[in-house]
There are 2 protein chains.
Amino acid sequence: MNAIGKRVTIDDLAKSLGLTKSTVSRALNDYADISEQTRLRVRNAATAMNYRPLSHAQAIKTGRVRSIGLVLQVSEHDGHRPFLADFLAGITEAAADHDWTLTLATATSASDAVRLLEKLSQERKADGFILPRTYIDDIRIDALRAAQVPFILYGRTANIADCAWYDIAGEVAMEQAVATLHKLGHSRIGFIPGGEGYNYTKLRRDGYINGLEQNKLALDDQLIADNAVNKQQGYAATRELLAQPNPPTAIICSVDHAALGAYGAIRSLGLRVGQDVSIISYDGIPEGAVLSPELSTYAVDNKQAGARLAELLIRRVRGEPPQQLREIGQARFLDRGSHGPLTLSSDQLAAKIELKSDHREE
Amino acid sequence: MNAIGKRVTIDDLAKSLGLTKSTVSRALNDYADISEQTRLRVRNAATAMNYRPLSHAQAIKTGRVRSIGLVLQVSEHDGHRPFLADFLAGITEAAADHDWTLTLATATSASDAVRLLEKLSQERKADGFILPRTYIDDIRIDALRAAQVPFILYGRTANIADCAWYDIAGEVAMEQAVATLHKLGHSRIGFIPGGEGYNYTKLRRDGYINGLEQNKLALDDQLIADNAVNKQQGYAATRELLAQPNPPTAIICSVDHAALGAYGAIRSLGLRVGQDVSIISYDGIPEGAVLSPELSTYAVDNKQAGARLAELLIRRVRGEPPQQLREIGQARFLDRGSHGPLTLSSDQLAAKIELKSDHREE
DNA sequence: ACCCTTGCCGAAACCGGTTTCGGAAATTTT
DNA sequence: AAAATTTCCGAAACCGGTTTCGGCAAGGGT
């Protein structure tokens, strides 16, 4: 039938050892009042009989199910999707080191995510949660804080008090991108921000602006495009940037999916990516390696991120204060073909574009 | 602290209603011996007091944790990775309809997967499992069968007895691909098989061969390349096919990732995809839409697959016999630019390739 | 009016672990 | 050698639900 085969219970084990189940339990959980000798006897018998405690039977008394909760918002722009396998692998492998597992749910909106977080924590399907893709103002955080449920952020947020978090320093990457382009001769560098409301969007924008300052470049609002998180929006944003009288000769994209559209926009104007217009982006999606030229971008190690998040969350659940559970990682620059030395000045570029636009309007 | 806030237990609820907890429990679980009136009273009070039973407290008596188990093999070629988000969303949403959740783990090999399946089922972290990417001869199936743990296959396998499964008819897609190409004038149609040992590889190959027969085309072993599941292997397989004296004018790839390499191989010979050589592939990965011409391919609805699998598995756990839990879906053809009418005969194509090869060897 | 159902709920056992408490035996101290 | 500790394990309570069983009261049949 569908019944799962007969298990050996702690009582079976105790009986076969001539001990009581309380002794067996304490032996297996390394209590100090069990002699080394019986501890070993019990341990050996347990493996010999292939005894494995039911996690939910343990949970009823301990209150812990040894499970990490993760609620994904699938309606979100799919900037994070390609990473998902790595991210999940990182979480589950690190969790497995502590005998924990991952409980996964998907939500269709932010409020749906809150509903699921509350449901999962109340049914105790998970002991704590990883919150991916943080917003500047994040209702999930408010909800978990109110319910006193342990959690850790993947990203940072406006009110970081009492929060544990892990994040990649996107702002540093953006700074470096500006410096790299400036060193190659570019002085008009455009920027395409990421998804509105996300904390990473603010950070990367700050990084871009800091980069300009550090390289003594003027901040020009005209060089900051509309938010773009997918191909279409990236296309539109790039067209708009390049349509200006004084267009950027290089563009930094906050997310790779926008860069995909930037390629199309640049080509639609008869220009060559990496020669007439440079692009540096952020994320490291696999599509970037299929483009020609391949996309120069800052890649995030999402497996590593997942592993660190799991580790930190487990420590959080075990009682460590959030203040000491904060880590930051760096993105790795993939130096590929979509950026290069300045070949055309902004004026020359503008002239070339105007010529093209006159001939055929896209 | 890290303590999750005070809950209301079934005793609290019972006390506030002036009933015993046994009555409350039966009322909430729709037992017949509870009057409609008290059933409603209890239900209302439960929602009013925001009572949610602890899933593990229920599980201790019922034996069910209401969780679907899924063990992913991350070392596998990443043909399925882009689908992961959709696949998981499908599973979790369908599971949520029955108040179930998903417990996820990742394995590094097939034997590691077996280890995890046994561990998770013994600890009862899940009530049953979805087995993705079935092999012709699958040790996971053997293990779960032996342990009498409910499971469902995503795919089919050699010994299908007593198995519940959901699958996409890849063999039908391959048949149709042959017919489509034949209708366009192609008579020498190459085939690149997928990963060795997987059941889908056998099925798609069978479909290709059936397609040839149905269109009265001769089966030529020279037209079947080595297995290829990634860009590099796809490149090599395609080069080999095209290096023959009588090369195929169209190539069918079992997986999109191989097609990515096929594009490179075709171009390396100075040929144009979709004109000199046609390609039809299978999977529907997002990279296909970034290529130019866009990849013609059979796309799989993995969200739907996940949803059906979850639904069927839950019914399996509840005791339905596996024989009535079998479903098959169809892939959807994305009619894009990588295939087209025959322009060069096989001989002409060979001549063109030879010319190119003389000039520069890749 | 009496018996027999039927409807409805309480009492208690139960699931498989963990944890507290107490006490006997072994060891150390005086 | 007696007293005071320590060491180590058994007994039992407990966690928060579900399920079985029994019994009271109301309703129906004759």
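Protein chains get the first letters and strands the later ones, always in sequence-line order, with residue 1 at the start of each.
Cation-pi geometry between A:R66 and A:W100 is not met at under 6.0 angstrom from the ring centre and within 45 degrees of the axis. Figure legend: B:R133 and B:Y154 shown without cation-pi pairing, the cationic atom not lying both under 6.0 angstrom from the six-membered ring centre and within 45 degrees of its axis. In this structure, A:R326 is not positioned above the aromatic face of A:Y166 in the sense of NZ or CZ being under 6.0 Å from the six-membered ring centre and within 45° of the axis.
One finds no salt bridge joining A:R145 and A:D162 here, because no Lys/Arg side-chain nitrogen approaches an Asp/Glu carboxylate oxygen to under 4.0 Å. Of the charged side-chain nitrogens involved, none lies within less than 4.0 Å of a carboxylate oxygen, so that A:R318 and A:D127 do not count as a salt-bridged pair. Ion pairing of A:R52 with B:E118 is absent here, as no side-chain N (NZ or NE/NH1/NH2) approaches a carboxylate O to less than 4.0 Å. Looking at A:K15 and A:D12, no side-chain N of the basic residue comes within less than 4.0 Å of a carboxylate O on the acidic one, giving no salt bridge.
Taken residue by residue, residues 30-47 of chain A places heavy atoms nearer than 4.0 Å to DNA chain C at A:Y31.
Distances shown here put every side-chain N or O of B:S22 at or beyond 4.0 Å from the OP1 or OP2 atom of C:dG10.
Under the 3.5 Å distance criterion, with hydrogens and angles disregarded, a donor-acceptor pair is assigned to the side chains of A:E311 and A:H98.
Residue B:G18 is the one, among B:G18 and A:V24, whose nearest nucleotide of DNA chain C lies closer to the 5' end (criterion: closest heavy atom).
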Atom pairs under 3.5 Å, N or O on each side, protein against nucleotides 14-17 of chain C: can you list them with distances?
from	atom 1	to	atom 2	distance (Å)
C:dG17	OP1	A:R7	NH1	3.2
C:dG17	OP1	A:R7	NH2	2.6
C:dG17	OP2	A:I10	N	2.6
C:dG17	O5'	A:Y51	OH	2.8
C:dG17	N7	A:K21	NZ	2.6
C:dG17	O6	A:K21	NZ	2.9

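If you measure from atom NE2 of B:H56 to atom P of C:dT18, you get 13 Å, rounded to the nearest angstrom.
With hydrogens and angles ignored, no donor-acceptor pair under 3.5 angstrom links the side chain of A:T20 to the base of D:dA11.
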